[in-house]
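Reviewing the structure listed below.
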Number of protein chains: 2
Amino acid sequence: MMNTEEQILAAARKVFINKGFDGARMQEIADEAGINKALLHYYFRTKEKLFERIFSESFQLIKPVFNLALGPEPDLHQFIRQFVNAYHALLKQMPFLPQFVLQELNRNPGRMIGLIGKQQIPMNDIKRVIDAEVKKGNISAVSPENLIVNLISLIIFPFVARPVLQEVVFGGDDAAFDNFLNGRSESIIQFFLLALSPEKS
Amino acid sequence: MMNTEEQILAAARKVFINKGFDGARMQEIADEAGINKALLHYYFRTKEKLFERIFSESFQLIKPVFNLALGPEPDLHQFIRQFVNAYHALLKQMPFLPQFVLQELNRNPGRMIGLIGKQQIPMNDIKRVIDAEVKKGNISAVSPENLIVNLISLIIFPFVARPVLQEVVFGGDDAAFDNFLNGRSESIIQFFLLALSPEKS
DNA sequence: GTCTATAACCGGATAGAC
DNA sequence: GTCTATCCGGTTATAGAC
(Lines give C-alpha, C1' and ligand atoms only; values in the text may rest on other atoms or scores of the structure.)
Protein backbone atom coordinates (compact mmCIF):
# COMPACT_ATOMS: atom_id res chain seq x y z
CA MET A 1 0.00 0.00 0.00
CA MET A 2 1.25 3.48 -0.92
CA ASN A 3 1.84 5.99 1.82
CA THR A 4 0.00 9.29 1.75
CA GLU A 5 2.65 11.29 -0.01
CA GLU A 6 2.88 8.75 -2.81
CA GLN A 7 -0.91 8.69 -3.09
CA ILE A 8 -0.93 12.43 -3.52
CA LEU A 9 1.81 12.42 -6.10
CA ALA A 10 0.07 9.75 -8.14
CA ALA A 11 -3.17 11.70 -8.02
CA ALA A 12 -1.49 14.99 -8.88
CA ARG A 13 0.30 13.39 -11.79
CA LYS A 14 -2.97 12.13 -13.18
CA VAL A 15 -4.89 15.36 -12.77
CA PHE A 16 -2.18 17.82 -13.81
CA ILE A 17 -1.21 15.81 -16.85
CA ASN A 18 -4.66 15.71 -18.25
CA LYS A 19 -6.02 19.05 -17.16
CA GLY A 20 -2.90 21.20 -17.13
CA PHE A 21 -2.03 23.62 -14.32
CA ASP A 22 -4.91 26.03 -14.95
CA GLY A 23 -7.50 23.33 -15.43
CA ALA A 24 -6.46 21.25 -12.42
CA ARG A 25 -8.33 21.57 -9.12
CA MET A 26 -6.85 20.82 -5.73
CA GLN A 27 -10.20 19.31 -4.78
CA GLU A 28 -10.01 16.84 -7.62
CA ILE A 29 -6.49 15.83 -6.67
CA ALA A 30 -7.59 15.34 -3.08
CA ASP A 31 -10.55 13.20 -4.13
CA GLU A 32 -8.39 11.17 -6.45
CA ALA A 33 -5.94 10.58 -3.61
CA GLY A 34 -8.73 9.71 -1.18
CA ILE A 35 -7.92 12.52 1.24
CA ASN A 36 -9.02 16.13 1.75
CA LYS A 37 -7.69 19.45 0.56
CA ALA A 38 -6.25 20.44 3.91
CA LEU A 39 -3.96 17.44 3.93
CA LEU A 40 -2.82 18.28 0.44
CA HIS A 41 -1.64 21.66 1.67
CA TYR A 42 -0.05 20.03 4.66
CA TYR A 43 2.21 17.96 2.40
CA PHE A 44 2.86 20.48 -0.38
CA ARG A 45 2.17 23.99 0.76
CA THR A 46 0.77 25.35 -2.49
CA LYS A 47 -0.67 24.22 -5.78
CA GLU A 48 2.30 25.80 -7.49
CA LYS A 49 4.80 23.76 -5.47
CA LEU A 50 2.95 20.53 -6.08
CA PHE A 51 2.82 21.33 -9.75
CA GLU A 52 6.52 22.08 -9.97
CA ARG A 53 7.24 18.69 -8.49
CA ILE A 54 5.11 16.89 -11.09
CA PHE A 55 6.29 19.02 -13.96
CA SER A 56 9.97 18.64 -13.34
CA GLU A 57 9.59 14.92 -12.84
CA SER A 58 7.71 14.75 -16.19
CA PHE A 59 10.32 16.81 -17.90
CA GLN A 60 13.07 14.52 -16.69
CA LEU A 61 11.21 11.59 -18.21
CA ILE A 62 10.83 13.26 -21.59
CA LYS A 63 14.39 14.45 -21.59
CA PRO A 64 16.37 11.33 -22.51
CA VAL A 65 16.57 12.82 -25.97
CA PHE A 66 19.08 15.32 -24.82
CA ASN A 67 21.38 12.73 -23.38
CA LEU A 68 21.96 11.21 -26.77
CA ALA A 69 25.68 10.86 -26.61
CA LEU A 70 27.40 9.02 -29.39
CA GLY A 71 29.91 6.34 -28.52
CA PRO A 72 33.53 6.41 -29.63
CA GLU A 73 32.89 4.22 -32.68
CA PRO A 74 29.45 5.48 -33.63
CA ASP A 75 27.18 3.80 -36.13
CA LEU A 76 24.59 6.36 -37.14
CA HIS A 77 22.09 3.83 -38.45
CA GLN A 78 22.29 1.79 -35.31
CA PHE A 79 21.99 4.91 -33.21
CA ILE A 80 18.82 6.02 -34.98
CA ARG A 81 17.25 2.61 -34.63
CA GLN A 82 17.93 2.42 -30.92
CA PHE A 83 16.86 5.97 -30.26
CA VAL A 84 13.54 5.64 -32.04
CA ASN A 85 12.73 2.34 -30.40
CA ALA A 86 13.61 3.48 -26.92
CA TYR A 87 11.74 6.75 -27.13
CA HIS A 88 8.73 5.14 -28.68
CA ALA A 89 8.60 2.54 -25.94
CA LEU A 90 8.45 5.31 -23.36
CA LEU A 91 5.65 7.14 -25.14
CA LYS A 92 3.57 4.03 -25.51
CA GLN A 93 3.50 3.91 -21.74
CA MET A 94 2.98 7.62 -21.12
CA PRO A 95 1.21 8.94 -24.21
CA PHE A 96 0.12 12.22 -22.65
CA LEU A 97 3.45 13.33 -21.30
CA PRO A 98 4.59 15.30 -24.37
CA GLN A 99 1.42 17.34 -24.71
CA PHE A 100 1.58 18.19 -21.02
CA VAL A 101 5.21 19.26 -21.06
CA LEU A 102 4.92 21.21 -24.29
CA GLN A 103 1.82 22.98 -23.15
CA GLU A 104 3.25 24.14 -19.85
CA LEU A 105 6.51 25.06 -21.50
CA ASN A 106 4.71 27.29 -23.95
CA ARG A 107 2.76 28.98 -21.16
CA ASN A 108 5.88 29.57 -19.17
CA PRO A 109 9.07 29.11 -21.18
CA GLY A 110 11.20 30.34 -18.32
CA ARG A 111 10.37 27.21 -16.36
CA MET A 112 12.97 25.28 -18.29
CA ILE A 113 15.77 27.19 -16.69
CA GLY A 114 17.20 25.02 -13.97
CA LEU A 115 15.56 21.92 -15.41
CA ILE A 116 17.86 21.62 -18.36
CA GLY A 117 20.90 23.06 -16.71
CA LYS A 118 22.94 24.10 -19.70
CA GLN A 119 22.46 20.63 -21.08
CA GLN A 120 22.68 20.86 -24.81
CA ILE A 121 22.83 18.38 -27.61
CA PRO A 122 26.44 18.00 -28.73
CA MET A 123 25.80 19.27 -32.24
CA ASN A 124 29.46 19.39 -33.15
CA ASP A 125 29.97 15.72 -32.31
CA ILE A 126 26.95 14.78 -34.35
CA LYS A 127 28.09 16.90 -37.24
CA ARG A 128 31.46 15.21 -37.12
CA VAL A 129 29.87 11.78 -37.24
CA ILE A 130 27.64 12.77 -40.12
CA ASP A 131 30.51 14.29 -42.07
CA ALA A 132 32.53 11.15 -41.59
CA GLU A 133 29.66 8.97 -42.81
CA VAL A 134 29.12 11.24 -45.78
CA LYS A 135 32.79 11.03 -46.67
CA LYS A 136 32.66 7.24 -46.47
CA GLY A 137 29.73 7.39 -48.88
CA ASN A 138 27.37 5.79 -46.36
CA ILE A 139 24.83 8.56 -46.24
CA SER A 140 23.82 11.75 -48.00
CA ALA A 141 24.56 15.17 -46.55
CA VAL A 142 22.20 16.66 -43.96
CA SER A 143 22.38 19.44 -41.43
CA PRO A 144 22.59 17.92 -37.94
CA GLU A 145 19.99 20.32 -36.59
CA ASN A 146 17.45 19.28 -39.17
CA LEU A 147 18.28 15.64 -38.61
CA ILE A 148 17.68 15.85 -34.86
CA VAL A 149 14.53 17.90 -35.20
CA ASN A 150 13.16 15.52 -37.82
CA LEU A 151 13.84 12.55 -35.61
CA ILE A 152 12.09 14.05 -32.62
CA SER A 153 9.20 15.43 -34.67
CA LEU A 154 8.36 12.12 -36.29
CA ILE A 155 8.41 10.33 -32.96
CA ILE A 156 6.50 12.74 -30.76
CA PHE A 157 4.01 14.53 -32.99
CA PRO A 158 1.51 11.69 -33.45
CA PHE A 159 1.10 11.53 -29.69
CA VAL A 160 0.50 15.24 -29.39
CA ALA A 161 -1.92 15.40 -32.30
CA ARG A 162 -3.72 12.12 -31.82
CA PRO A 163 -7.28 13.53 -31.73
CA VAL A 164 -7.05 15.28 -35.10
CA LEU A 165 -4.97 12.66 -36.82
CA GLN A 166 -7.13 9.81 -35.65
CA GLU A 167 -10.27 11.59 -36.81
CA VAL A 168 -9.10 12.83 -40.14
CA VAL A 169 -6.57 10.24 -41.24
CA PHE A 170 -8.10 7.15 -39.67
CA GLY A 171 -11.78 7.99 -39.82
CA GLY A 172 -12.02 8.15 -36.05
CA ASP A 173 -11.09 4.51 -35.63
CA ASP A 174 -9.39 4.14 -32.25
CA ALA A 175 -8.05 0.65 -32.82
CA ALA A 176 -6.73 1.64 -36.24
CA PHE A 177 -4.71 4.42 -34.66
CA ASP A 178 -3.29 2.13 -32.00
CA ASN A 179 -2.34 -0.23 -34.74
CA PHE A 180 -0.72 2.59 -36.64
CA LEU A 181 1.32 3.50 -33.57
CA ASN A 182 2.49 -0.08 -33.22
CA GLY A 183 4.03 -0.10 -36.65
CA ARG A 184 5.21 3.47 -36.34
CA SER A 185 8.69 2.84 -34.90
CA GLU A 186 9.74 0.66 -37.77
CA SER A 187 8.18 3.01 -40.30
CA ILE A 188 10.11 5.99 -38.94
CA ILE A 189 13.36 4.05 -39.01
CA GLN A 190 12.80 2.98 -42.61
CA PHE A 191 11.86 6.49 -43.63
CA PHE A 192 15.04 7.79 -42.09
CA LEU A 193 17.31 5.22 -43.58
CA LEU A 194 15.82 5.89 -47.00
CA ALA A 195 16.28 9.64 -46.64
CA LEU A 196 19.88 9.13 -45.55
CA SER A 197 20.84 6.55 -48.14
CA PRO A 198 23.54 8.03 -50.39
CA GLU A 199 22.13 7.40 -53.88
CA LYS A 200 20.36 10.46 -55.20
CA SER A 201 18.49 11.09 -58.45
CA MET B 1 -10.60 52.09 -36.84
CA MET B 2 -12.04 48.74 -35.76
CA ASN B 3 -15.52 48.62 -34.35
CA THR B 4 -16.08 47.23 -30.88
CA GLU B 5 -16.89 43.70 -31.91
CA GLU B 6 -13.73 43.45 -33.97
CA GLN B 7 -11.72 44.90 -31.10
CA ILE B 8 -13.08 42.23 -28.82
CA LEU B 9 -12.37 39.44 -31.25
CA ALA B 10 -8.82 40.61 -31.78
CA ALA B 11 -8.28 40.80 -28.03
CA ALA B 12 -9.87 37.42 -27.40
CA ARG B 13 -7.76 35.85 -30.11
CA LYS B 14 -4.61 37.15 -28.50
CA VAL B 15 -5.49 36.14 -24.96
CA PHE B 16 -7.07 32.74 -25.66
CA ILE B 17 -4.28 31.71 -28.01
CA ASN B 18 -1.58 32.34 -25.56
CA LYS B 19 -3.25 31.43 -22.29
CA GLY B 20 -5.71 28.75 -23.38
CA PHE B 21 -9.32 28.62 -22.25
CA ASP B 22 -8.59 27.88 -18.59
CA GLY B 23 -5.82 30.41 -18.31
CA ALA B 24 -7.66 33.23 -20.08
CA ARG B 25 -9.45 35.91 -18.03
CA MET B 26 -12.40 37.90 -19.26
CA GLN B 27 -10.89 40.89 -17.49
CA GLU B 28 -7.69 40.60 -19.49
CA ILE B 29 -9.60 40.37 -22.75
CA ALA B 30 -11.61 43.44 -21.79
CA ASP B 31 -8.46 45.40 -20.92
CA GLU B 32 -6.78 44.32 -24.12
CA ALA B 33 -9.84 45.49 -26.07
CA GLY B 34 -10.00 48.75 -24.15
CA ILE B 35 -13.48 48.13 -22.75
CA ASN B 36 -14.96 46.56 -19.61
CA LYS B 37 -16.19 43.10 -18.72
CA ALA B 38 -19.86 44.03 -18.88
CA LEU B 39 -19.57 45.02 -22.49
CA LEU B 40 -17.82 41.78 -23.26
CA HIS B 41 -20.80 39.88 -21.95
CA TYR B 42 -23.11 42.16 -23.85
CA TYR B 43 -21.53 41.11 -27.16
CA PHE B 44 -20.84 37.44 -26.41
CA ARG B 45 -22.96 36.20 -23.58
CA THR B 46 -20.45 33.84 -22.04
CA LYS B 47 -16.76 33.08 -21.99
CA GLU B 48 -17.55 29.72 -23.53
CA LYS B 49 -19.34 31.27 -26.51
CA LEU B 50 -16.56 33.76 -27.12
CA PHE B 51 -14.05 30.96 -26.94
CA GLU B 52 -15.94 28.76 -29.38
CA ARG B 53 -15.87 31.59 -31.86
CA ILE B 54 -12.11 31.99 -31.62
CA PHE B 55 -11.42 28.29 -31.53
CA SER B 56 -13.44 27.36 -34.56
CA GLU B 57 -11.97 30.22 -36.52
CA SER B 58 -8.47 29.02 -35.54
CA PHE B 59 -9.30 25.48 -36.46
CA GLN B 60 -10.48 26.53 -39.90
CA LEU B 61 -7.15 28.23 -40.45
CA ILE B 62 -5.13 25.19 -39.47
CA LYS B 63 -7.31 22.86 -41.48
CA PRO B 64 -6.13 23.40 -45.07
CA VAL B 65 -4.26 20.14 -44.66
CA PHE B 66 -7.43 18.22 -44.90
CA ASN B 67 -8.45 19.78 -48.14
CA LEU B 68 -5.45 18.36 -49.87
CA ALA B 69 -7.13 17.04 -52.97
CA LEU B 70 -4.96 15.69 -55.72
CA GLY B 71 -5.60 16.85 -59.26
CA PRO B 72 -6.47 14.51 -62.12
CA GLU B 73 -2.86 14.28 -63.32
CA PRO B 74 -1.09 14.39 -59.97
CA ASP B 75 2.60 14.89 -59.56
CA LEU B 76 3.46 13.74 -56.05
CA HIS B 77 6.72 15.63 -55.85
CA GLN B 78 5.12 18.84 -56.95
CA PHE B 79 2.28 18.31 -54.54
CA ILE B 80 4.61 17.85 -51.59
CA ARG B 81 6.59 20.94 -52.50
CA GLN B 82 3.50 23.12 -52.74
CA PHE B 83 1.92 21.72 -49.63
CA VAL B 84 4.97 22.25 -47.44
CA ASN B 85 5.55 25.76 -48.71
CA ALA B 86 1.96 26.86 -48.32
CA TYR B 87 1.55 25.44 -44.85
CA HIS B 88 4.85 26.79 -43.70
CA ALA B 89 3.96 30.27 -44.92
CA LEU B 90 0.81 30.19 -42.80
CA LEU B 91 2.70 29.09 -39.69
CA LYS B 92 5.32 31.76 -40.06
CA GLN B 93 2.51 34.27 -39.68
CA MET B 94 0.64 32.51 -36.88
CA PRO B 95 3.24 30.47 -35.02
CA PHE B 96 1.11 29.82 -31.95
CA LEU B 97 -1.98 28.51 -33.67
CA PRO B 98 -1.00 24.81 -33.66
CA GLN B 99 -0.17 24.65 -29.97
CA PHE B 100 -3.45 26.36 -29.16
CA VAL B 101 -5.57 24.09 -31.30
CA LEU B 102 -3.83 20.90 -30.20
CA GLN B 103 -4.05 21.84 -26.57
CA GLU B 104 -7.76 22.54 -26.61
CA LEU B 105 -8.40 19.49 -28.73
CA ASN B 106 -6.65 17.30 -26.20
CA ARG B 107 -8.63 18.81 -23.33
CA ASN B 108 -11.89 18.33 -25.16
CA PRO B 109 -11.61 15.98 -28.13
CA GLY B 110 -15.35 16.05 -28.69
CA ARG B 111 -15.11 19.64 -29.81
CA MET B 112 -13.96 18.55 -33.22
CA ILE B 113 -17.30 17.08 -34.05
CA GLY B 114 -19.11 19.60 -36.20
CA LEU B 115 -15.89 21.42 -36.99
CA ILE B 116 -14.55 18.76 -39.25
CA GLY B 117 -17.87 17.55 -40.53
CA LYS B 118 -17.00 14.11 -41.81
CA GLN B 119 -14.17 15.67 -43.73
CA GLN B 120 -11.50 13.06 -44.15
CA ILE B 121 -8.35 12.82 -46.11
CA PRO B 122 -8.97 10.76 -49.26
CA MET B 123 -6.53 8.02 -48.33
CA ASN B 124 -7.59 5.79 -51.18
CA ASP B 125 -6.86 8.42 -53.79
CA ILE B 126 -3.48 9.06 -52.27
CA LYS B 127 -2.73 5.38 -52.11
CA ARG B 128 -3.66 5.06 -55.77
CA VAL B 129 -1.30 7.89 -56.72
CA ILE B 130 1.51 6.41 -54.67
CA ASP B 131 1.00 2.96 -56.13
CA ALA B 132 1.08 4.39 -59.63
CA GLU B 133 4.29 6.28 -58.90
CA VAL B 134 5.86 3.20 -57.38
CA LYS B 135 4.92 1.14 -60.41
CA LYS B 136 6.49 3.76 -62.67
CA GLY B 137 9.63 3.45 -60.59
CA ASN B 138 9.49 7.08 -59.52
CA ILE B 139 9.37 6.50 -55.80
CA SER B 140 9.81 3.79 -53.21
CA ALA B 141 6.86 2.18 -51.48
CA VAL B 142 5.29 3.88 -48.44
CA SER B 143 2.04 3.62 -46.55
CA PRO B 144 -0.07 6.69 -47.32
CA GLU B 145 -0.96 7.15 -43.67
CA ASN B 146 2.67 7.29 -42.64
CA LEU B 147 3.44 9.63 -45.49
CA ILE B 148 0.75 12.11 -44.52
CA VAL B 149 1.58 11.97 -40.84
CA ASN B 150 5.27 12.44 -41.56
CA LEU B 151 4.55 15.44 -43.71
CA ILE B 152 2.41 17.14 -41.10
CA SER B 153 4.73 16.22 -38.22
CA LEU B 154 7.80 17.69 -39.83
CA ILE B 155 6.01 20.92 -40.64
CA ILE B 156 4.15 21.58 -37.42
CA PHE B 157 6.24 20.12 -34.62
CA PRO B 158 9.00 22.75 -34.54
CA PHE B 159 6.36 25.41 -33.91
CA VAL B 160 4.80 23.46 -31.09
CA ALA B 161 8.08 22.60 -29.43
CA ARG B 162 9.98 25.79 -30.06
CA PRO B 163 10.93 26.51 -26.44
CA VAL B 164 12.67 23.17 -25.87
CA LEU B 165 14.17 22.86 -29.30
CA GLN B 166 15.52 26.36 -29.30
CA GLU B 167 17.09 25.87 -25.90
CA VAL B 168 18.56 22.47 -26.39
CA VAL B 169 19.38 22.33 -30.07
CA PHE B 170 20.25 25.97 -30.66
CA GLY B 171 21.70 26.93 -27.30
CA GLY B 172 18.83 29.31 -26.62
CA ASP B 173 19.67 31.52 -29.59
CA ASP B 174 16.45 33.13 -30.77
CA ALA B 175 17.79 34.42 -34.06
CA ALA B 176 19.37 31.05 -34.83
CA PHE B 177 16.00 29.38 -34.45
CA ASP B 178 14.30 31.90 -36.71
CA ASN B 179 17.01 31.27 -39.21
CA PHE B 180 16.48 27.54 -38.89
CA LEU B 181 12.77 28.00 -39.56
CA ASN B 182 13.53 30.01 -42.67
CA GLY B 183 15.46 27.20 -44.25
CA ARG B 184 13.12 24.58 -42.87
CA SER B 185 10.67 24.38 -45.79
CA GLU B 186 13.35 23.50 -48.27
CA SER B 187 14.98 21.09 -45.87
CA ILE B 188 11.73 19.20 -45.34
CA ILE B 189 11.13 18.96 -49.05
CA GLN B 190 14.63 17.63 -49.67
CA PHE B 191 14.30 15.13 -46.86
CA PHE B 192 11.06 13.87 -48.33
CA LEU B 193 12.30 13.61 -51.85
CA LEU B 194 15.32 11.67 -50.64
CA ALA B 195 13.18 9.29 -48.62
CA LEU B 196 10.91 8.73 -51.57
CA SER B 197 13.57 8.34 -54.22
CA PRO B 198 13.41 4.81 -55.61
CA GLU B 199 17.04 3.62 -55.28
CA LYS B 200 17.51 1.58 -52.15
CA SER B 201 20.61 -0.01 -50.66
C1' DG C 1 -1.17 13.22 10.34
C1' DT C 2 -5.77 13.87 9.37
C1' DC C 3 -10.03 15.99 9.76
C1' DT C 4 -14.04 19.94 9.61
C1' DA C 5 -14.95 24.52 9.13
C1' DT C 6 -14.03 28.84 7.36
C1' DA C 7 -11.43 32.69 5.77
C1' DA C 8 -9.93 35.30 1.83
C1' DC C 9 -10.00 35.97 -2.75
C1' DC C 10 -11.01 35.66 -7.54
C1' DG C 11 -13.63 35.52 -11.74
C1' DG C 12 -17.80 35.03 -14.57
C1' DA C 13 -22.01 36.98 -14.95
C1' DT C 14 -25.98 40.39 -14.15
C1' DA C 15 -28.61 44.79 -12.69
C1' DG C 16 -29.49 49.11 -13.71
C1' DA C 17 -28.10 53.97 -14.68
C1' DC C 18 -26.81 56.83 -18.53
C1' DG D 1 -23.92 50.58 -26.62
C1' DT D 2 -21.30 51.50 -22.71
C1' DC D 3 -20.46 52.19 -18.01
C1' DT D 4 -20.23 51.32 -12.49
C1' DA D 5 -21.47 48.51 -8.96
C1' DT D 6 -22.53 44.14 -7.23
C1' DC D 7 -23.79 39.31 -6.77
C1' DC D 8 -22.56 34.67 -6.24
C1' DG D 9 -20.26 30.47 -6.91
C1' DG D 10 -16.01 28.34 -6.87
C1' DT D 11 -11.01 27.81 -5.48
C1' DT D 12 -6.81 28.23 -2.85
C1' DA D 13 -5.30 28.34 1.50
C1' DT D 14 -5.42 28.46 6.75
C1' DA D 15 -7.19 27.74 11.73
C1' DG D 16 -7.85 24.73 15.02
C1' DA D 17 -9.86 20.38 17.01
C1' DC D 18 -8.71 15.51 17.44
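In the 5' to 3' direction, nucleotides of DNA chain D lying under 4.0 Å from heavy atoms of chain B begin and end at D/dG1 to D/dT4.
The aromatic rings of A/F180 and A/F177 sit tilted relative to each other, their planes meeting at an angle between 30° and 60°.
Donor-acceptor pairing under 3.5 Å, judged by distance alone, is present between the side chain of B/K37 and the base of C/dG12.
Looking at heavy-atom distances under 4.0 Å, B/A30 makes no contact with the nucleic acid at all.
Two residues are said to be in side-chain contact when any heavy atoms from C-beta on lie closer than 4.5 Å; B/Q99 and A/Q99 meet this criterion.
Just one residue in the list B/I8, B/N18, B/I29, B/I54 forms a side-chain contact (heavy atoms from CB on, under 4.5 Å) with B/R13, and that residue is B/I54.
Summarising the geometry, the separation between CZ on B/R25 and P on C/dG11 is reported as 5 Å, rounded to the nearest angstrom. Summarising the geometry, the separation between NZ on B/K19 and P on C/dG12 is reported as 12 Å, rounded to the nearest angstrom. Per the geometry, CG belonging to B/D22 stands 14 Å off C1' belonging to C/dG12, to the nearest Å.
Aromatic pair A/F191/B/F191: centroids less than 6.0 angstrom apart.
Here A/R128 does not pair with A/D131 in a salt bridge; the nearest charged N to carboxylate O distance is not below 4.0 Å.
Residue-environment remark: CZ (A/F96) stays at or below the threshold of 12 foreign heavy atoms within 6.0 Å.
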